[in-house]
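Below: the structure, in structure tokens.
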Amino acid sequence: MLTINLIREQSSFVIERLKIKNFDAAEIVQNVLDLDRRRRELQAESDSIQAELNTLSREIGAMMKAGRRDEADAARQGVVAMKEKQKQLSETMEVVSDEMQTELVRLPNLPHALVAPGKSADDNVVVRSGGTIPHLYEGALPHWDLIRKYDIIDFDLGVKITGAGFPVYKGKGARLQRALINFFLDEGEKAGYREVEPPIVVNEESGFGTGNLPDKEGQMYHIGIDNLYLIPTAEVPVTNIYRDVILDAAVLPVKNMAYTPCFRREAGSWGAHVRGLNRLHQFDKVEIVQIAHPEKSYESLDEMVSHVESLLVKLELPYRIVRLCGGDLSFTSAMTYDFEVWSVGQQRWLEVSSTSNFETFQANRLRCRFREKGARQTTLCHTLNGSALALPRIVAALLENNQTPDGIKIPSVLAPYAGFGMIS
RNA sequence: GGAGAAAUGGCAGAGUGGUCGAUUGCGGCGGUCUUGAAAACCGUUGUCCGGGCGACUGGACCGGGGGUUCGAAUCCCUCUUUCUCCGCCA
């Protein structure tokens with residue numbers, strides 16, 4: 001959520017910047033400004049009547065104490081009408097304030113100045129690439145055939161137990177999952193992230209804090225009886241640790257990471273390009289999250305990008321890093337780098353990580369602030385997060401890219417974690 | 001799931017209808033003293049929303065929401081959470 005101050009002071013800038021996201025903000029901004037003005041008028045009036053009431057109440061108290069009953073009773077009569085008026089004003093103010101909030105929440109985050117204009121993923125900017133793309137050998141298979149051949153991931157079994165998009169990992173397939181999770185967590189720890197294990201169901205307020213509610217309501221599994229949501233990413237519980245928190249500037253940046261399963265309904269997004277492990281309803285992911293000083297948050301973003309990149313290098317996967325253009329940027333993000341690995345079996349890039357700076361957009365919803373030493377004022381933090389990494393597409397790429405006629409080779413960095421060097 | 005008790009500022013813990021944003025202690029910050037530190041002493045120390053260039057100033061907040069009252073941390077209703085006992089249980 002954008003701050004009301006920004007809109008008050010720089011409304012035309014807001015409208016201009018949002019054009020990069022192909023978002024026409026003019027009408028909403030105008031509504032917000034009107035409602036904000038009205039809200040402040042109502043508050044001024046309501047507050048002054050309340051101040052008067054408070055004074056009168058104190059006087060009545062003094063009269064009672066002094067035993068002047070008659071005067072007190074007379075004063076009491078006069079207060080009733082004022083009370084009614086005040087009540088109406090404050091109720092109206094509530095309504096106006098809620099309306100303003102509703103409008104404000106509809107505005108996406110402003111893209112950073114470096115974000116290029118653009119309509120779709122085609123306009124994203126490749127900033128770096130690495131690794132070598134392996135050549136297909138005769139008889140090479142896409143991963144959905146490889147997992148059958150070696151009997152390591154079973155989609156049919158998942159359908160039986162739950163439904164489509166909930167695979168069962170078996171034997172070395174399950175072991176490989178665990179190896180990747182441990183490898184990612186160990187690497188994260190070396191990079192200074194504290195591991196946390198958060199709840200994987202969250203309440204409404206947490207969903208709102210990170211911007212998943214109300215915007216992406218349909219993407220999450222909802223447990224109606226308890227009004228809780230299955231997390232689509234560890235970002236939600238981990239970032240919400242810092243909801244309603246005022247941090248000491250000296251502790252920034254705060255770095256946390258978590259492994260969790262993630263649940264996504266993916267309503268209406270099925271098709272030929274999402275076969276196999278490409279898109280699942282449940283998958284595993286290690287997420288890194290930083291709470292940063294506003295002046296240092298892009299340093300944090302760079303550091304996170306380097307960290308994610310180092311994982312791909314160690315896994316010996318061919319990758320590229322793209323900076324999303326305005327049209328591809330999410331509602332909440334100011335800048336996002338996507339990481340893609342080359343899938344030799346499918347002959348295309350697969351997104352395996354999305355690493356973003358949300359600046360104050362989430363922090364404003366979360367009321368996550370910090371204070372400089374000795375300062376009285378609090379300031380909104382910047383929040384960032386990134387996948388480091390999401391498992392399924394990494395597994396897909398590992399299987400496809402490392403297949404040989406004799407089996408699938410496990411990258412040397414993973415072998416000690418997996419306990420085997422080959423799936424055959 | 002049943003019965004009971006509780007929820008107050010960073011923490012501990014007073015306050016049961018009137019000037020209480022809230023006694024006090026600890027912690028934090030600033031200072032005096034000291035070669036330095038500790039101790040001691042003095043001062044200061046919540047958040048949010050308005051108004052004002054500013055000094056400053058109005059309002060709200062004692063778990064959340066609602067009610068009674070001229071006036072609520074204090075009384076009533078409701079929800080949530082925590083603790084104790086019982087039941088069930090990984």
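The basis for the numbers below is simple: all heavy atoms, side chains too, and nothing from hydrogens, waters or symmetry mates. Throughout, protein chains are lettered first and strands after them, A, B, ... in sequence-line order, and every chain is numbered starting at 1. These numbers were taken from a predicted model, which means no experiment stands behind them.
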Pairing string of RNA chain B (Watson-Crick or G-U wobble, both atom distances under 3.5 Å; | = paired to other strand) is ((((((((.[[[..)..(.....]]]((((((.......))))))((((((....)))))).[[[[[..)....]]]]])))))))....

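- Rounded to whole angstrom, the span from the NZ atom of A/K83 across to the C1' atom of B/A72 amounts to 12 Å.
- No salt bridge links A/D24 with A/K19; every basic N to acidic carboxylate O contact stays at or beyond 4.0 Å.
- Regarding A/L53, its CG atom lies at a distance of 19 Å from the P atom of B/G18, rounded to whole Å.
- Atom CZ of A/R371 and atom P of B/C29 are 13 Å apart (whole Å).
- Under the 30°/60° scheme for interplanar angles, the aromatic rings of A/Y298 and A/H112 are found to be tilted.
- If you take CD of A/E41 and P of B/C49, they are 19 Å apart, rounded to a whole angstrom.
- Electrostatic pairing of A/E103 and A/R106 counts as a salt bridge here, judged by a charged N lying under 4.0 Å from a carboxylate O.
- When each of A/A44 and A/I246 is assigned the nucleotide of RNA chain B bearing its nearest heavy atom, the one mapping closer to the 5' terminus is A/I246.
- Comparing B/U32 with B/G13, their C1' atoms sit 30 Å apart, to the nearest whole Å.
- Within residues 88-102 of chain A, no residue is approached by RNA chain B to less than 4.0 Å at the level of any non-hydrogen atom.
- Taking only side-chain nitrogens and oxygens, A/R76 never comes nearer than 4.0 Å to OP1 or OP2 of B/G71.
- Look at the P atom in both B/G52 and B/G58: the space between them is 15 Å, to the nearest Å.
- Salt bridge annotation for A/R148-A/D145: absent, with no cationic side-chain nitrogen under 4.0 angstrom from a carboxylate oxygen.
- Listed by first and then second residue, the ring-ring contact (aromatic ring centres under 6.0 Å, His included) pairs involving residues 369-390 of chain A are A/H293-A/F370 (not counting sequence neighbours).
- Under the salt bridge (charged side-chain N to carboxylate O under 4.0 Å, His left out) criterion, the residue pairs touching residues 43-58 of chain A are A/E45-A/K85, with sequence neighbours excluded.
- In this structure, the CD atom of A/Q86 is 10 Å from the P atom of B/G71, given to the nearest Å.
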Each nucleotide of nucleotides 58-64 of chain B classed B (base within 4.0 Å of a protein heavy atom), S (only sugar-phosphate) or -, in 5' to 3' order, makes BSS----

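- Of the inter-residue distances, the one linking A/F283 atom CZ with A/L391 atom CG reads 9.0 Å to the nearest 0.5 angstrom.
- When each of A/R365, A/Q290, A/Q362 is checked for a side-chain hydrogen bond (donor to acceptor under 3.5 Å, both in side chains) with A/T383, only A/Q362 meets the rule.
- Residue A/E372 contributes atom CD, which lies 16 Å from atom P of B/C29 at whole-angstrom precision.
- Salt-bridge formation is detected for the pair A/K255/A/E303: a Lys NZ or Arg NE/NH1/NH2 atom is positioned less than 4.0 Å from an Asp or Glu carboxylate oxygen.
- B/U84 sits 31 Å from B/G67 when the C1' atoms are compared, rounded to a whole Å.
- Candidate nucleotides B/C70, B/G67, B/G50 were compared by shortest atom distance to the side chain of A/K87, and B/G67 ranks first.
- For A/M64, whose side chain is taken as the heavy atoms from C-beta onward, the closest listed nucleotide among B/G50, B/C70, B/C48 is B/C70.
- Within 4.0 Å of A/L56, counting heavy atoms only, lies no atom of the nucleic acid at all.
- The side chain of A/R369 sits closest to B/C48 out of B/G50, B/C48, B/U19.
- To the nearest whole angstrom, the two C1' atoms, one in B/G28 and one in B/G10, are 8 Å apart.
- For the C1' atom pair drawn from B/C41 and B/G54, the interatomic distance equals 35 Å after rounding to whole Å.
- Going from the C1' atom of B/C62 to that of B/C70 covers 22 Å, rounded to whole Å.
- Ring geometry for A/H222 against A/Y229 counts as parallel: the plane angle stays under 30°, on a 0 to 90° scale with 60° as the upper cut.
- Ring geometry for A/H307 against A/Y193 counts as tilted: the plane angle lies between 30° and 60°, on a 0 to 90° scale.
- Only the P atoms considered, B/C29 is 46 Å distant from B/C86, to the nearest whole Å.
- In this structure, A/I4 atom CD1 and B/G50 atom P are separated by 8 Å, rounded to whole Å.
- Proximity of A/R8 to the phosphate of B/G50: a side-chain N or O atom is located under 4.0 Å from OP1 or OP2.
- B/G4 sits 14 Å from B/C77 when the P atoms are compared, rounded to a whole Å.
- Protein atom CZ of A/R367 is 11 Å distant from nucleotide atom P of B/C49, rounded to whole Å.
- Taking 4.0 Å as the cut-off between side-chain N and carboxylate O, A/E400 and A/K409 do not count as a salt-bridged pair.
- Atom OG of residue A/S353 and atom CZ of residue A/F339 lie 5.5 Å apart, to the nearest 0.5 angstrom.
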Would A/S297 and A/S300 satisfy side-chain hydrogen bond (donor to acceptor under 3.5 Å, both in side chains), going step by step from the backbone distance to the final call? CA-CA 5 Å; A/S297 68; A/S300 286; over 6 Å; no

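- Near RNA chain B, meaning a heavy atom under 4.0 Å from it, residues 28-36 of chain A has no residue at all.
- A salt bridge links A/K190 with A/E187: at least one charged nitrogen is closer than 4.0 Å to a carboxylate oxygen.
- Between A/D36 and A/R8 a salt bridge is recorded (basic side-chain N to carboxylate O distance below 4.0 Å).
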